[in-house]
Amino acid sequence: MTRKVKIAVFASGSGSNFGAIEEACRNGALHAEIVVMVTNKPDAYVVERAKKAGIQVAAFCPKDFSTKDAYEEAILGTLREVDVEWLILAGYMRLIGQHLLSAYPSRIVNIHPSLLPSFPGKDAIGQAIEQGVKITGVTVHLVDEGMDTGPILAQRAVAVIDGDVDKTAEAIHAVEHELYKETLIELFSR
Ligand code: GRF
């Protein structure tokens, strides 16, 4: 049996993708271990999820640091302490800066709720519905310095339901949980 890949999940919100990844690690579908959950929002629901799962939580508030580099240097200190190999962004609402990018070249993955390059940035599902598209979807990609611009690893289409944000978001989330798991399994088996 090969050793498990050590990952950090970065999240700022409800953490349903964190939950799906944690479950896949626990049941052995994904040969990885979440060694730390990094958040910029100490009050986010994902923190409760991580604590319940017995996973170390590292919360860093950007406003406590004078620069983005200092903020990322503090995060990097924690990542190094626990030997993290890959950064998995799951609803982390901050742009990754040069400091983390150069420490983890081509080892930072993100999931985005649209078929990139369409609808990057915030409220991708709202943007898609606003534009009247009938098909949107999910993208898993490597992270570079841009906003949702790195090389695409996997995509899956999801139909817009009744032009409704909530119904479509529910369908997108279900696909995200499956696609993120499958993509990470493939990535870590290379
Ligand atoms: C997901 O839609 C993800 O694609 C986006 O942020 C959302 C996070 O949802 N980047 P959750 O916190 O994992 O439930």
Side-chain angles (χ1 to χ4, degrees), residues 7-26 29-30 32 34 36-53 55 57-60 62 75 86-97 100-101 104 107-131 133 135-161 164-185 187:
I7 64 176
V9 176
F10 281 50
S12 314
S14 121
S16 70
N17 281 283
F18 166 85
I21 294 167
E22 191 278 320
E23 188 186 338
C25 290
R26 196 162 20 88
L30 181 59
I34 305 175
V36 61
M37 193 284 290
V38 176
T39 188
N40 60 321
K41 297 270 181 205
D43 299 336
Y45 184 58
V46 68
V47 172
E48 264 179 60
R49 291 188 197 255
K51 285 184 177 164
K52 255 188 216 151
I55 288 169
V57 173
F60 297 93
I75 295 175
W86 285 83
L87 311 190
I88 309 303
L89 312 188
Y92 179 63
M93 302 305 283
R94 305 219 20 118
L95 206 54
I96 296 290
L100 284 173
L101 282 169
Y104 287 91
R107 284 195 167 229
I108 309 178
V109 189
N110 184 43
I111 189 159
H112 184 78
S114 76
L115 294 174
L116 290 170
S118 293
F119 313 126
K122 284 190 183 154
D123 191 23
I125 302 170
Q127 291 184 54
I129 286 172
E130 178 73 18
Q131 291 300 316
V133 302
I135 304 285
T136 181
V138 175
T139 302
V140 180
H141 65 96
L142 291 176
V143 172
D144 64 10
E145 58 288 335
M147 170 85 81
D148 304 319
T149 50
I152 291 170
L153 298 171
Q155 288 187 308
R156 194 159 293 165
V158 178
V160 169
I161 304 173
D164 183 278
V165 172
D166 293 338
K167 289 182 194 171
T168 306
E170 198 181 327
I172 282 190
H173 272 111
V175 170
E176 284 187 332
H177 302 160
E178 201 46 44
L179 190 66
Y180 219 173
K181 180 178 76 182
E182 286 173 18
T183 309
L184 294 177
I185 289 172
L187 202 58

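Counting starts at 1 for both ligands and their atoms, in listed order.
Looking at N17 next to ligand 1, an N or O pair under 3.5 Å apart turns up. At least one N/O-N/O distance between G15 and ligand 1 falls below 3.5 Å. Among the atoms of I111, some N or O lies under 3.5 angstrom from an N or O of ligand 1.
Using 4.0 Å as the threshold, M93 has no heavy atom nearer than that to any atom of ligand 1. Heavy atoms of P113 approach ligand 1 to within less than 4.0 angstrom.
Here is the list of ligand 1 atoms found below 4.0 Å of a heavy atom in E176: 1 (C), 2 (O), 3 (C), 4 (O). Within ligand 1, counting atoms from 1 as listed, the ones closer than 4.0 Å to a heavy atom of H112 are 4 (O). Less than 4.0 angstrom separates some heavy atom of S16 from each of these atoms of ligand 1: 11 (P), 12 (O), 13 (O), 14 (O).
Rounded to the nearest 0.5 Å, atoms CZ (R94) and OG (S12) are 8.5 Å apart. The CD atom of E130 sits 14.0 Å away from the CD1 atom of I125 when rounded to the nearest 0.5 Å. Rounded to the nearest 0.5 angstrom, L179 CG and L153 CG are separated by 9.5 Å. Rounding to the nearest 0.5 angstrom, the gap separating the CD1 atom in I34 from the CD1 atom in I7 is 5.0 Å. In this structure, the separation between CG on L115 and CD1 on I152 is 8.5 Å, given to the nearest 0.5 Å.
Atom 9 (O) of ligand 1 has as its closest protein heavy atom H173 NE2, 3.4 Å. Closest to atom 6 (O) of ligand 1 among all protein heavy atoms lies G91 CA, 3.4 Å.
Nearest heavy atoms, Q127 versus P120: NE2-O, 2.9 Å.
With respect to R156 and E182, a salt bridge is recorded, a charged nitrogen being found less than 4.0 Å from a carboxylate O.
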